[in-house]
Amino acid sequence: MTDRAPTLAVIGGGQLARMMAQPAIALGLPLRLLAEAEGVSAAQVIPDHEVGDYTDLDTLRRITEGCPVVTFDHEHVPTDHLRALEESGIAVRPGPGALVHAQDKGVMRARLAELDIPCPRNALVTSTADVEAFGLPCVLKTTRGGYDGKGVWVVRDLADAGAAFAAAETAGVEVLAEELVDFRRELSALVARSPSGQAAAYPVVASTQLGGICHEVIAPAPDLLPALAGQAQEIALRVAGALDVTGILAVELFETTDGRILVNELAMRPHNTGHWTQDGAVTSQFENHLRAVMDLPLGSPAPRSRWTVMVNILGGPTDSGHLYDGLPHAMARDPHLRVHLYGKDLRPGRKVGHVNAYGDDLDDCLERARHAAAWFRGDLGNHSE
């Protein structure tokens, strides 16, 4: 028996890395963090951290020295740097060959087409003439760098396409056109996969967006036909295997109004649509991500309750005080509520925490989670019942 577990390097200091810390403590797994600034979310709870630039290879080499494995809070580390780390003997999980499909939407769409995975009709475009030929209305996306609604434009008139091309030119990336899907709702299929090929699939969830940001998640997705749920999980497992993903893979999906499933986006890290697993599943996505990247046996993804609802706490336009001030009300009103705060400064629209409510009655879970999140956001006016 060794005296100490191997240290896992984590690149990125956001709330996803922060929420890896708790299961890492339970597993006795030391973490070493590369944070983008002092005092960011994960740096508050991971003592072994350094502030540095994740696009600098020397910094990446320094933070991973002595660490057999490196994983990520985000997907933005340059793939060339990740290959260099691999060549030095570090296990990069997920690896650059997989991660590029989450970094570049054009690469992702081409590979999913090769795998015959159902996707919205799409094409790379270089001009408004290309957009006109593709057909309006459509959605334009920069192939790299977009998240939480950024880098995405719904174009109904050719004049509206200019903003996408201007942004892409500034960033030095391409523009992807996709059909504007007539969808009933958005779903997410979350799976964990280890280097040895073991995989675990969580129940498919329904998510709603607010201003391009994930706002609410219901697990499992209500009234989802078993055949569609099975298809969504099968797609996620097939993509994870074909792309050789290690860790958590989130496949964001459209459920169309005519009863089909289409892949919208991929994320190769713990994901907002999986935060419900912290309190609603036998093994959280954060623990299974750690288990997967360290090639430990995966934990059960089974739900603990019939329903779990997650609602994000977003910074409002007139934030004052501290989120901690909301705890007395939320906890007193609902002793079963679970609150997760990220230690972030309040800014309008910023994800600063989330709440989970679970139980046998979906309407009750929705009311409890929505009330608590609204209280933290200050949406309840004078904070009266």
Side-chain angles (χ1 to χ4, degrees), residues 75 79 93-126 130-131 133-135 137-144 146 151-152 173-207 220-221 224-269 271 273-274 292 301:
E75 294 118 334
T79 50
R93 294 174 176 164
L99 205 56
V100 68
H101 298 90
Q103 294 173 329
D104 191 305
K105 295 178 178 64
V107 173
M108 179 262 290
R109 286 297 185 215
R111 183 69 176 116
L112 294 184
E114 291 175 357
L115 296 172
D116 200 28
I117 300 292
C119 295
R121 184 173 62 87
N122 62 88
L124 291 172
V125 292
T126 59
D130 287 348
V131 175
F134 182 82
C138 69
V139 177
L140 297 183
K141 300 178 178 180
T142 51
T143 52
R144 287 177 175 261
V152 179
V173 299
E174 296 181 285
V175 175
L176 180 73
E178 296 183 351
E179 67 173 300
L180 185 61
V181 176
D182 185 14
F183 63 92
R184 176 190 172 203
R185 58 181 171 177
E186 296 186 59
L187 305 173
S188 178
L190 197 77
V191 298
R193 183 177 179 274
S194 69
S196 58
Q198 184 188 7
Y202 288 91
V204 177
V205 303
S207 67
L224 181 62
L225 293 175
L228 287 183
Q231 182 186 356
Q233 289 179 315
E234 190 272 335
I235 286 172
L237 290 168
R238 187 148 59 96
V239 169
L243 303 187
D244 196 23
V245 176
T246 298
I248 290 290
L249 169 69
V251 180
E252 297 178 68
L253 304 149
F254 294 125
E255 180 186 359
T256 67
T257 53
D258 58 0
R260 294 174 296 137
I261 294 288
L262 301 176
V263 172
N264 180 24
E265 303 275 2
L266 302 180
M268 296 180 190
R269 50 172 170 74
H271 193 255
T273 59

For this session: Start with the C-alpha distance between Arg144 and Val100, add both sets of side-chain angles, then the distance that settles side-chain contact (heavy atoms from CB on, under 4.5 Å), and finish with yes or no.
Result: CA-CA 10 Å; Arg144 287 177 175 261; Val100 68; 3.9 Å; yes
Problem set entry | Intermediate values then yes/no, side-chain contact (heavy atoms from CB on, under 4.5 Å), Val239 and His101 | CA-CA 10 Å; Val239 169; His101 298 90; over 6 Å; no
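With rounding to the nearest 0.5 Å, the separation of CD1 in Ile261 from OG1 in Thr256 is 7.5 Å. Glu179 CD to Asn122 CG: the interatomic distance, rounded to the nearest 0.5 Å, is 8.5 Å. Between Glu186 atom CD and Thr273 atom OG1 the span is 10.0 Å, to the nearest 0.5 Å. To the nearest 0.5 angstrom, Glu265 atom CD is 8.0 Å from Phe254 atom CZ.
No side-chain heavy atom of Val181 sits under 4.5 Å from any side-chain heavy atom of Asn264. You'll find the side chain of Leu266 reaches within 4.5 Å of the side chain of Val251, heavy atoms only. Counting heavy atoms from C-beta on, the side chains of Gln233 and Val204 come closer than 4.5 Å.
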N/O donor-acceptor pairs under 3.5 Å from side chains in residues 110-120, not counting sequence neighbours:
unit_1: Arg111; atom_1: NH1; unit_2: Glu114; atom_2: OE1; d: 3.1

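Test Thr143, Val175, Asp130 against Leu124 for side chain to side chain contact (heavy atoms under 4.5 Å, CB included) and you get one pass: Thr143.
For the residue pair Leu190 and Gly274, the shortest heavy atom distance occurs at CD2-CA, 3.9 Å. Closest of all the heavy-atom pairs between Ala189 and Ala232 is CB-O, 3.6 Å.
Under the rule for a side-chain hydrogen bond (donor to acceptor under 3.5 Å, both in side chains), the partners of Arg109 that lie at least two apart in sequence or sit in another chain are Glu178.
Within the structure, the side-chain hydrogen bond (donor to acceptor under 3.5 Å, both in side chains) test picks out the following pairs touching residues 189-200 (sequence neighbours left out): Arg193-Asp244, Ser194-Ser196, Ser196-Asp295.
Remark: side-chain polar atoms of Glu255 are not paired, donor with acceptor, to backbone N or O of Leu187 under 3.5 angstrom.
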